[in-house]
Protein chains: 2
Amino acid sequence: MSAGGGTAQGGESLLFLTDEQLRKGIEAMFFAYRGFTADPDRILESHAYGRAHHRAIHFIHRQPGLTVNTLLSVLGVTKQSLNRVLRTLVEDGLVDSRVGRRDKRERHLYLTEKGAALERELSDAQRARMRAAYRAAGPAAVAGFRQVLEAMMDPDLRRYFQMMKDSGA
Amino acid sequence: MSAGGGTAQGGESLLFLTDEQLRKGIEAMFFAYRGFTADPDRILESHAYGRAHHRAIHFIHRQPGLTVNTLLSVLGVTKQSLNRVLRTLVEDGLVDSRVGRRDKRERHLYLTEKGAALERELSDAQRARMRAAYRAAGPAAVAGFRQVLEAMMDPDLRRYFQMMKDSGA
DNA sequence: CTTGGAAAGTCAACAAGGCTGACATAAAAT
DNA sequence: ATTTTATGTCAGCCTTGTTGACTTTCCAAG
């Protein structure tokens with residue numbers, strides 16, 4: 001492999017990180033992300049939705065009943081941007097927006113059956129690729145993959161991610 | 001399904017991949033990519049460029065003298081889309097577009113000094129985050145990270161990526 | 001030499017999905 | 001009663017992607 005470390009073997013050599021090795025990592029990230037979104041993108045196109053809809057659907061599925069504000073900060077977009085997407089999803093009957101019981105200003109978001117069906121279609125495709133990649137790389141690689149990804153996140157998102165990791169499953 | 005192979009060795013029975021675990025991987029990818037692009041995005045904004053410019057600059061740096069057509073297929077966009085970006089880069093004196101010697105229809109792309117300077121600024125920032133993530137995760141994790149990323153790429157891009165890996169450094 | 005086709009560039013029009021700013025409403029908090 | 005918060009909405013702008021049509025340049029095959 002391309003590890004320029006030289007002296008040591010058995011993975012230790014990778015601590016010696018040249019700019020070139022880091023550049024390879026950057027490029028790998030770029031290409032992999034393209035692959036990562038390719039399958040859902042194809043499905044979304046046939047439904048006349050975009051990546052923005054996918055992201056909203058994903059996180060509503062992940063955390064049913066979350067408020068618009070929470071979704072906003074997780075996605076990192078403006079409310080105007082999210083609202084455009086959310087409105088079409090509600091109009092098309094994929095998402096249910098319910099007024100809060102305690103605080104009636106809040107809207108809590110849920111997937112309808114139809115929404116859950118699309119979510120399944122999308123994540124099935126994405127999981128298939130992820131599963132194939134995991135299998136090709138092996139269990140040790142998977143653990144490393146997740147560690148590096150977590151370390152690359154912005155602290156706020158990492159905190160959210162780790163929180164969801166504990167509660168979620 | 002995903003081969004429940006893992007009689008847990010080393011504590012990691014990660015071969016047993018539940019849909020929930022895969023979903024976590026998907027989410028990690030999403031959040032990590034956000035972090036990955038955050039620093040360059042900030043720099044680009046101050047130069048009035050976008051991510052598209054960054055990508056062009058990156059690959060021209062990587063493979064000086066590549067043709068527009070090659071760049072096109074690496075980036076995976078239309079020539080009209082690329083041309084808009086490329087034109088501003090040439091106009092602003094960051095990229096040099098030279099008519100081919102053998103085939104004068106082709107344009108070979110090079111970074112000027114000014115272009116190389118911006119490339120350095122961008123990739124320094126991106127490498128800093130990558131380096132920090134690598135250091136936090138450790139050498140074994142880095143190897144796994146790269147393996148999974150490669151496995152996630154579309155075959156064409158994986159071939160290109162591996163080719164550049166050999167020649168590049 | 002002529003011509004077909006590839007490589008590149010350009011113009012126009014359009015869409016998705018970001019953004020900002022301004023403003024409206026209802027409900028909670030003070 | 002007033003202010004703040006959560007949400008929604010209108011209008012307009014930017015980047016970056018798309019398609020389609022057309023031109024210019026130039027290699028290569030007839």
Side-chain angles (χ1 to χ4, degrees), chain A residues 30 33-34 37-38 40-60 65-92 95-110, chain B residues 30 33-34 37-38 40-60 65-92 95-110:
Chain A
F30 171 65
Y33 199 77
R34 283 256 292 281
T37 55
D41 281 355
R42 265 188 294 275
I43 294 169
L44 288 159
E45 200 174 355
S46 74
H47 290 261
Y49 290 126
R51 239 178 248 184
H53 300 87
H54 184 188
R55 291 196 284 264
I57 287 172
H58 171 95
F59 286 104
I60 295 172
L66 87 176
T67 66
V68 171
N69 235 0
T70 305
L71 184 52
L72 229 42
S73 55
V74 170
L75 293 176
V77 297
T78 59
K79 64 173 179 173
Q80 294 92 331
S81 221
L82 174 59
N83 200 253
R84 182 165 38 196
V85 162
L86 224 39
R87 201 183 342 168
T88 72
L89 290 176
V90 170
E91 278 169 6
D92 296 355
V95 167
D96 200 5
S97 170
R98 305 183 202 154
V99 172
R101 258 193 328 112
R102 265 185 17 207
D103 186 334
K104 291 177 192 163
R105 288 171 305 179
E106 295 178 341
R107 305 300 147 91
H108 297 269
L109 305 169
Y110 300 87
Chain B
F30 171 64
Y33 199 77
R34 283 256 293 281
T37 55
D41 281 355
R42 265 188 295 274
I43 294 169
L44 287 159
E45 201 174 354
S46 75
H47 290 260
Y49 291 126
R51 240 179 246 185
H53 301 87
H54 183 189
R55 291 196 284 263
I57 287 172
H58 171 96
F59 286 104
I60 296 172
L66 87 176
T67 65
V68 171
N69 234 3
T70 305
L71 184 52
L72 230 43
S73 56
V74 170
L75 293 176
V77 297
T78 59
K79 64 173 177 175
Q80 293 91 331
S81 214
L82 175 58
N83 200 255
R84 181 168 34 198
V85 163
L86 225 39
R87 200 183 344 168
T88 72
L89 291 175
V90 170
E91 278 170 6
D92 295 355
V95 167
D96 201 5
S97 169
R98 305 184 201 154
V99 172
R101 259 193 330 112
R102 268 184 17 207
D103 187 335
K104 292 176 192 163
R105 288 168 303 182
E106 295 179 342
R107 305 299 146 95
H108 298 268
L109 304 170
Y110 301 86

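Letters A, B, ... are given to chains in the order of the sequence lines, protein chains preceding strands, and every chain is numbered from 1. Just so you know, these numbers use all the heavy atoms, side chains as well, and skip hydrogens, waters and symmetry mates. Everything numeric here is computed off the predicted structure, so don't read it as measured data.
- Contact detail for His108(B) and Gly100(B): the closest heavy-atom pair is CD2-CA, 3.3 Å.
- Proximity of Asn69(B) to the phosphate of dA6(C): no side-chain N or O atom is located under 4.0 Å from OP1 or OP2.
- Rounded to whole angstrom, the span from the CG atom of Leu82(A) across to the C1' atom of dT9(D) amounts to 13 Å.
- In this structure, of dT16(D), dT10(C), dG18(C), it is dG18(C) that holds the atom nearest to the side chain of Ala52(A).
- When atom types are taken as modelled, the side chain of Arg34(A) and the backbone of Leu75(B) share a donor-acceptor pair closer than 3.5 angstrom.
- Positionally, the nearest nucleotide of DNA chain C for Ser97(B) lies more toward the 5' end than for the other of Ser97(B) and Lys104(A).
- Side chain Arg51(A) to base dG17(D): no donor-acceptor pair is found below 3.5 Å.
- Protein atom CG of Asn83(B) is 14 Å distant from nucleotide atom C1' of dT16(D), rounded to whole Å.
- Here Arg101(A) does not reach the OP1 or OP2 of dA27(C): none of its side-chain N or O atoms lies under 4.0 Å away.
- Rounded to whole Å, atom P of dT18(D) lies 11 Å from atom CG of Asp41(A).
- Tyr49(B) and His47(B) have parallel rings, their planes meeting at less than 30° on a 0 to 90° scale where 60° marks the start of perpendicular.
- Ring-plane geometry between Tyr33(A) and Tyr33(B) is classed as parallel, the angle between the planes falling under 30 degrees on a 0 to 90 degree scale with a further cut at 60.
- Taking atom CG on Leu72(B) and atom P on dA7(C), their separation rounds to 11 Å, with Å as the unit.
- Put simply, the side chain of Lys79(A) and the base of dT7(D) share a donor and an acceptor less than 3.5 Å apart.
- Judged by distance alone, with hydrogens and angles left aside, Gln80(A) brings no side-chain donor or acceptor close enough to the base of dG12(D) to form a pair under 3.5 Å.
- Distances shorter than 4.0 Å separate some side-chain N or O of Thr78(A) from OP1 or OP2 on dC19(C).
- Position along DNA chain C of the nearest nucleotide to Val77(A) versus Arg102(A) favours Val77(A) as the more 5'-ward residue.
- In this model, no side-chain donor or acceptor of Arg105(B) finds a partner on the base of dA8(C) within 3.5 Å.
- Remark: C1' of dT9(D) and CZ of Arg107(A) are 12 Å apart, rounded to the nearest angstrom.
- A residue-by-residue look at Arg84(A) and Asp103(A) shows that Asp103(A) has its nearest nucleotide of DNA chain D further toward the 5' end.
- Residue His53(B) is classed as a sugar-phosphate contact, given heavy-atom separations below 4.0 Å to backbone atoms only.
- Between Pro40(A) and Thr37(A) the shortest heavy-atom distance is CD-O, 3.4 Å.
- To the nearest angstrom, C1' of dT10(C) lies 7 Å from CZ of Arg87(B).
- Rounded to a whole Å, the CD1 atom of Ile57(B) is 11 Å from the P atom of dT16(D).
- If you take CG of Leu86(A) and C1' of dT7(D), they are 11 Å apart, rounded to a whole angstrom.
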